[in-house]
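To keep things clear, I will list the structure first and then write my remarks on it.
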Amino acid sequence: IVLKNTIDEDEIEELEEILITADMGVPITMELIDSVRAKVKASKDMTDDIYGFLRESLRTYLPDEWKETNKVKVLLVFGVNGSGKTTTIAKLAKKYKDEGRKVLLAAADTFRAAAVEQLRVWSKRLEIPMIEKADGADPSSVIYEALEGMKARGCDLLIIDTAGRLHTNKNLMDEMSKMKRTIAQHVSSSELRTQMILDATTGNNGLMQARQFDKTIGIDELILAKFDSSAKGGFIFSIARELKLPVKYLGIGEGVDDLLPFSRDDFIEALFE
Amino acid sequence: SLGDKFNNVFRYIRGTGKMSEKNIDEAVRSVKMALLEADVDYKVVKDFVADVKKRVIGQEVTKNILPEQQFVKIIHEELTEIMGKSNIDLTCANIGTTYLMVVGIQGSGKTTACGKLAFLLQSQKKKVLLVSTDIRRPAAITQLKILAKKANASFFDPEGEKDPCKIVKNVSEYVRHKDYDYVIFDTAGRLELDEPLMKELTQIKIILKPHEILFVADSMMGQSALKVARSFDENIGVDGVILNKLDGDTRGGVALSVKKVLGKPIKFMGLGEKLVDLEVFHPERLASRILG
Ligand SMILES: Nc1nc2c(ncn2[C@@H]2O[C@H](COP(=O)(O)OP(=O)(O)OP(=O)(O)O)[C@@H](O)[C@H]2O)c(=O)[nH]1
Ligand SMILES: Nc1nc2c(ncn2[C@@H]2O[C@H](COP(=O)(O)OP(=O)(O)OP(=O)(O)O)[C@@H](O)[C@H]2O)c(=O)[nH]1
Ligand SMILES: [Mg+2]
Ligand SMILES: [Mg+2]
């Protein structure tokens, strides 16, 4: 019996293609390939289960799943333009309402054409109250009004929709910081959860986006929207590795129920499909 | 950046003046990494570096050009060759009204692009009508209506019609005795693997008979970008590409993949959220950006 303790370059190339086309990015792909080479060299009884070894390595990149312990009072949702924020907020609002929370929405995208109207359609469909102000109002003033109005309305969870913004736009990132300061005046940091919506079709830019938003206001959790596309969303591994950020949900469609809780094992399985 | 990567590789060569096959392999590998980090399609990168390697191995290191300069020159030439020329204009009707159709996946920037195109054409003294066939997304029609007003363009109100094909039919009735130069149709975002929605798009195209179909590509897309573009091209055909959201720090490698494999010209670049933020495509600038 010949035991396999070398791996040929064609197999390495095949691995590289799978990892790169899953948007894992170059650094992690190289790291994983090096570890595969080392593993094959070191182990005398290596079977053909390179993929089992890879799955195990990928698991170690992602943080362990944790249960929600403290009751979130304010959910601040942000991300780059068109990533799926407003639609994801509708999904989250429905989920929390079904769990018995009294949800209030804040239409803090006061910039984009028909952004408030888009959220208003969802608020009517879900029968969830919404706070809005005139076009062009300071988003922090919408947030302020919503926070002040929560108690009077008997609401215990505020979800804030914000305008899409590129992480490279300093003014818009400063605006984000101001929103966080406004919230901090009303609730303790354990009552606020910051959620970034990432488009699953993003490539290497995903890590750069997460880095900057995390640096500016701190990210508690990620949601990957548009996971029903062909994209594999592999960039969440480099985000997890560098910033230790967990993915909580996957958006899998445009409907209000199209939200899937993130499962580390299912996600890794899907990478190799 | 590629410049830094090359500095390391070429430090050996400067002493000897010769590029051994090992040097070439290392330099080619740096290019491969840079292009993958720029989100260029994996297979496109492999073909590209194979072509570059062939050209480089065939070259003599001439006395008056450093190997590094020569190598970088070859990379730049190959890239610009693929990217094509700028100034490929929108297709126009020979007489009468030109119909444009704007397509792409969810959130890529289509509705805003329709507004930007209308703004650009109105500033060229053209008479533009904007139409939304997005009967799905909440407030999509209102969004386009607001942009139309900002662009000083006319807007066709679908008045509650829920069938995109009927909307197109109603528009062609409406424009019959009017003198619009352009009618721009916004469509709902849809995924590359959504067969029923791709079928819907095909049906819209059959009735609309557009002179030009513009595919809006989010420049932040990763390795699925080519699959997306190909799906739209195979289903309805794409005439031109708007490479969008280039005001960020994404390298925009999708431009190289789409141009190389599908041969579609990039006609415009989206550089921001305002109606003025649309520019004619500059291949040189994009080539440098992709290389980092
Ligand atoms: N297929 C699919 N489409 C989605 C998903 N989430 C959002 N979308 C679509 O993506 C498009 C953009 O969604 P929005 O919710 O408007 O995104 P946004 O981040 O709020 O956009 P801006 O506020 O303009 O930055 C819409 O057409 C949504 O229906 C998803 O999980 N799957
Ligand atoms: N930074 C930046 N944002 C852009 C650009 N073009 C559009 N946007 C923004 O991207 C987001 C999505 O734009 P839309 O025009 O609604 O995208 P869409 O393709 O019509 O979305 P769907 O109809 O849901 O598929 C909005 O926040 C726009 O303001 C651009 O060139 N740069
Ligand atoms: Mg939004
Ligand atoms: Mg749209």
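- How far CZ of B/Arg251 is from CG of A/Asn204: 8.0 Å, rounded to the nearest 0.5 Å.
- Within the 4.5 angstrom heavy-atom criterion, no atom of A/Asn169 approaches chain B.
- The two residues A/Lys226 and B/Gly107 have their closest heavy-atom pair at NZ-CA, 4.0 Å.
- Residue A/Phe235: no heavy atom, backbone or side chain, is found under 4.5 Å from chain B.
- Annotation for B/Arg29: atom CZ does not count as buried by contact number, only 12 or fewer foreign heavy atoms lying within 6.0 Å.
- With a threshold of 4.5 angstrom between heavy atoms, B/Lys149 does not approach chain A through any atom at all.
- Between B/Ile105 and A/Thr201, the shortest heavy-atom distance links the atoms CD1-CG2, 4.0 Å.
- Just one of A/Glu13, A/Glu17, A/Glu16 meets the salt bridge (Lys or Arg N to Asp or Glu O under 4.0 Å) condition when paired with B/Lys43; it is A/Glu17.
- Within 6.0 Å of NZ in A/Lys95 there are more than 12 heavy atoms belonging to other residues, nucleotides or ligands.
- For B/Leu36, the parts lying under 4.5 angstrom from a heavy atom of chain A are both the backbone and the side chain.
- Summarising the geometry, atom CG belonging to A/Asn81 is positioned 8.5 Å from atom OG1 belonging to B/Thr112; distances are rounded to the nearest 0.5 Å.
- The choice from A/Thr86, A/Thr87, A/Leu166, A/Thr29 that makes the most heavy-atom pairs within less than 4.5 Å of chain B is A/Leu166.
- Atoms CD1 and OH, from A/Ile18 and B/Tyr42 in turn, are 10.0 Å apart once rounded to the nearest 0.5 Å.
- Heavy atoms of B/Asp41 lying under 4.5 Å from chain A are absent altogether.
- Top candidate by heavy-atom pairs under 4.5 Å with chain A, chosen from B/Ile141, B/Thr111, B/Asp247, is B/Asp247.
- The residue among A/Leu119, A/Val26, A/Val121 with the most heavy atom pairs within less than 4.5 Å of chain B is A/Val26.
- Counting heavy atoms from C-beta on, the side chains of A/Asp199 and B/Gln106 never come closer than 4.5 Å.
- A/Ser230 and B/Lys227 get closest at one heavy-atom pair: OG-NZ, 3.2 Å.
- Nearest heavy atom pair, residue A/Thr168 against residue B/Gly248, reads OG1-CA, 3.6 Å.
- B/Ile146 approaches A/Ala114 most closely through the heavy-atom pair CD1-N, 3.7 Å.
- Screening residues 104-125 of chain A for salt bridge (charged side-chain N to carboxylate O under 4.0 Å, His left out), with sequence neighbours left out, gives A/Arg120-A/Glu132.
- Of the atoms belonging to B/Gln143, heavy atoms from both backbone and side chain fall under 4.5 Å from chain A.
- With a 4.5 Å cut-off on side-chain heavy atoms, A/Glu254 and B/Arg137 do not count as touching.
- Most heavy-atom pairs under 4.5 Å with chain A, from the set B/Asp194, B/Val254, B/Asp249, B/Thr250: that is B/Asp249.
- In this structure, the portion of B/Lys46 lying under 4.5 Å from any heavy atom of chain A is its side chain and not its backbone.
- Interface residues of residues 215-224 of chain B toward chain A, defined by a heavy-atom distance below 4.5 Å and sorted by number: B/Met220, B/Met221, B/Gly222, B/Gln223, B/Ser224.
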